[in-house]
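Report on the structure given below.
Below, chain A is the first sequence line, B the second, and so on; all start at residue 1.
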Number of protein chains: 2
Amino acid sequence: MTDQAPDKRTQLTGRLREARKLAGLSQGQVAKLLGLHRPSVSEMEAGNRRVSSEELSQLAGLYDVSVAWLVGEVADTLDAADPKLQLAARELSKLKPEDLERLLKLLAAMRDDAPDTKGA
Amino acid sequence: MTDQAPDKRTQLTGRLREARKLAGLSQGQVAKLLGLHRPSVSEMEAGNRRVSSEELSQLAGLYDVSVAWLVGEVADTLDAADPKLQLAARELSKLKPEDLERLLKLLAAMRDDAPDTKGA
DNA sequence: TCCGGTCCGTAAGATTATCTTACCATCTGT
DNA sequence: ACAGATGGTAAGATAATCTTACGGACCGGA
């Protein structure tokens, strides 16, 4: 028990759960897809279990997120600035072009309607 | 058939060693910096030992590389993608968090609604 | 050549984490 | 209330990792 830096671990566990739910998957589904058991996934998200690098890659693929975001690493790209942006953009890529166009207009409307928060 | 898809693992181990040497560190140095023993690092690079997500982050920091590269993941999925997606991401970054949340749910619903062609 | 030092790979027993199965609580829709 | 699904947790069996140690390969100096 030489827990010296639980920050990263907590971040990972939180994001594992968040990404899973956003992907619309249950722990059981994930377990079956990764060839694991339900309790394993449960304790992974609880932080009571390690997540190997292989599992990390598989989870990232399943949830359509990057391993960098899962482990809380900051890259210098656009997606890294806002964690959820990558996920959202990923979803956008699956839309039909016409839907994407519509969504872009909607986004512009939302932004124009409520400008605020941070500048720059 | 013990080795059917060792791509990811082989890639990780190979890159672990490559990154370490490029960083000018010995296994002993890495072991001490991570609070491990020399044999552990040795077997990590040999692929006979798992690398946890925490260790992965620490190693990436030590070697000054990204975890995405270590595991063989393509980091920048966004920037290299369609210009339209990039534009969409820019719009997303201007949204308020609550709006982004709403949008994520909407996207998840759209994807869930559409017929899927079983992925990875 | 011989020596001292460093680096790395590997083995065997002790230690630890993980797996497997099972049970329980909660929530939802009928 | 019932049935189904989801998620948290416990205990023994299992498999991994840790710890220590030994040995080989390499390099520069006497």
Side-chain angles (χ1 to χ4, degrees), chain A residues 1-60 62-65 70-71, chain B residues 1-6 8-60 62-65 67 70-71 104-105 108-109 111-113 116:
Chain A
M1 288 65 171
T2 52
D3 272 333
Q4 204 67 18
D7 297 325
K8 293 291 176 59
R9 177 169 237 168
T10 302
Q11 193 151 22
L12 171 66
T13 60
R15 300 202 165 177
L16 277 180
R17 173 161 311 205
E18 183 181 352
R20 178 177 58 81
K21 296 205 168 180
L22 281 174
L25 294 172
S26 68
Q27 289 183 351
Q29 290 281 343
V30 174
K32 183 165 291 186
L33 286 169
L34 292 202
L36 299 175
H37 291 261
R38 254 107 12 140
S40 298
V41 179
S42 177
E43 311 223 0
M44 272 198 299
E45 294 183 358
N48 301 326
R49 174 149 317 186
R50 288 183 178 216
V51 181
S52 74
S53 55
E54 292 188 39
E55 293 165 340
L56 200 65
S57 295
Q58 295 181 70
L59 287 169
L62 259 178
Y63 300 158
D64 277 339
V65 297
L70 278 180
V71 301
Chain B
M1 279 99 157
T2 52
D3 285 321
Q4 195 64 20
K8 291 295 174 60
R9 176 165 234 167
T10 302
Q11 192 145 21
L12 171 65
T13 61
R15 299 206 165 176
L16 276 180
R17 172 161 310 202
E18 183 182 352
R20 177 176 59 80
K21 296 204 167 181
L22 281 175
L25 295 171
S26 69
Q27 289 183 350
Q29 289 281 343
V30 174
K32 182 165 289 185
L33 286 170
L34 293 202
L36 299 175
H37 291 261
R38 263 129 336 177
S40 298
V41 179
S42 177
E43 310 221 359
M44 273 197 301
E45 294 184 358
N48 300 326
R49 170 147 324 184
R50 289 181 172 219
V51 181
S52 74
S53 56
E54 291 187 39
E55 293 166 340
L56 200 65
S57 294
Q58 296 181 67
L59 287 168
L62 257 178
Y63 300 157
D64 201 25
V65 296
V67 290
L70 279 180
V71 301
L104 281 173
K105 295 199 195 318
R111 183 164 64 114
D112 188 44
D113 194 27
D116 200 326

* Asked: Does any residue of residues 34-44 of chain A have a heavy atom under 4.0 Å from DNA chain D, and if so, which ones, in number order?
  ->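 Listed by number, they are Pro39(A), Ser42(A), Glu43(A).
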* Can you name the closest pair of heavy atoms from Val71(B) and Ser53(A) and give their distance? ->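 Residues Val71(B) and Ser53(A), closest heavy atoms: CG1-CB, 4.5 Å.
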* Using five pairs at either end of the helix from dG4(C)-dC27(D) to dT30(C)-dA1(D), determine the angle between the two local helix axes and round it to 10 degrees. =>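 The angle, to the nearest 10 degrees, is 40°.
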* Taking the side chain of Arg49(A) as heavy atoms from C-beta outward, which of dC8(C), dC19(C), dG7(D) is closest to it? ->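 Closest of the options to the side chain of Arg49(A): dC19(C).
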* To do: Compare the minimum distances between each of dT18(C), dG7(D), dG8(D) and the side chain of Arg17(A), then state the nucleotide with the smallest one.
  =>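 The answer is dG8(D), which lies nearest to the side chain.
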Gap between atoms [atom1] and [atom2], on [X] and [N] respectively (whole Å):
X	N	atom1	atom2	value
Glu54(A)	dA16(D)	CD	P	12 Å
Asn48(B)	dC8(C)	CG	P	16 Å
Leu25(B)	dT6(C)	CG	P	16 Å

If you round to the nearest 0.5 Å, how far is [atom2] of [Y] from [atom1] of [X]?
X	Y	atom1	atom2	value
Lys21(A)	Leu16(A)	NZ	CG	12.5 Å
Leu70(B)	Thr13(B)	CG	OG1	11.0 Å
Leu62(A)	Arg20(A)	CG	CZ	11.5 Å

N/O donor-acceptor pairs under 3.5 Å from side chains in residues 27-44 of chain B, not counting sequence neighbours:
residue, atom, partner, partner atom, Å
Gln27(B), NE2, Glu45(B), OE1, 3.2
Ser40(B), OG, Arg49(B), NH1, 3.2

* Can you name the residues that form a side chain to side chain contact (heavy atoms under 4.5 Å, CB included) with Ala23(B), not counting sequence neighbours? ->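 Ala23(B) satisfies side chain to side chain contact (heavy atoms under 4.5 Å, CB included) with Leu25(B), Tyr63(B) only.
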* State, with a plain yes or no, whether a side-chain heavy atom of Arg50(A) is found less than 4.5 Å away from one of Glu55(B). =>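 SC-SC contact between Arg50(A) and Glu55(B) confirmed.
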* Determine whether Leu12(A) and Leu56(A) make a side-chain contact, defined as any pair of heavy atoms from C-beta on separated by less than 4.5 Å. =>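 Yes - at least one pair of side-chain heavy atoms lies under 4.5 Å apart.
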* Can you check whether Gln27(B) has a side-chain N or O nearer than 4.0 Å to OP1 or OP2 of dT6(C)? ->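 For Gln27(B), the contact criterion (side-chain N or O under 4.0 Å from OP1 or OP2 of dT6(C)) is not met.
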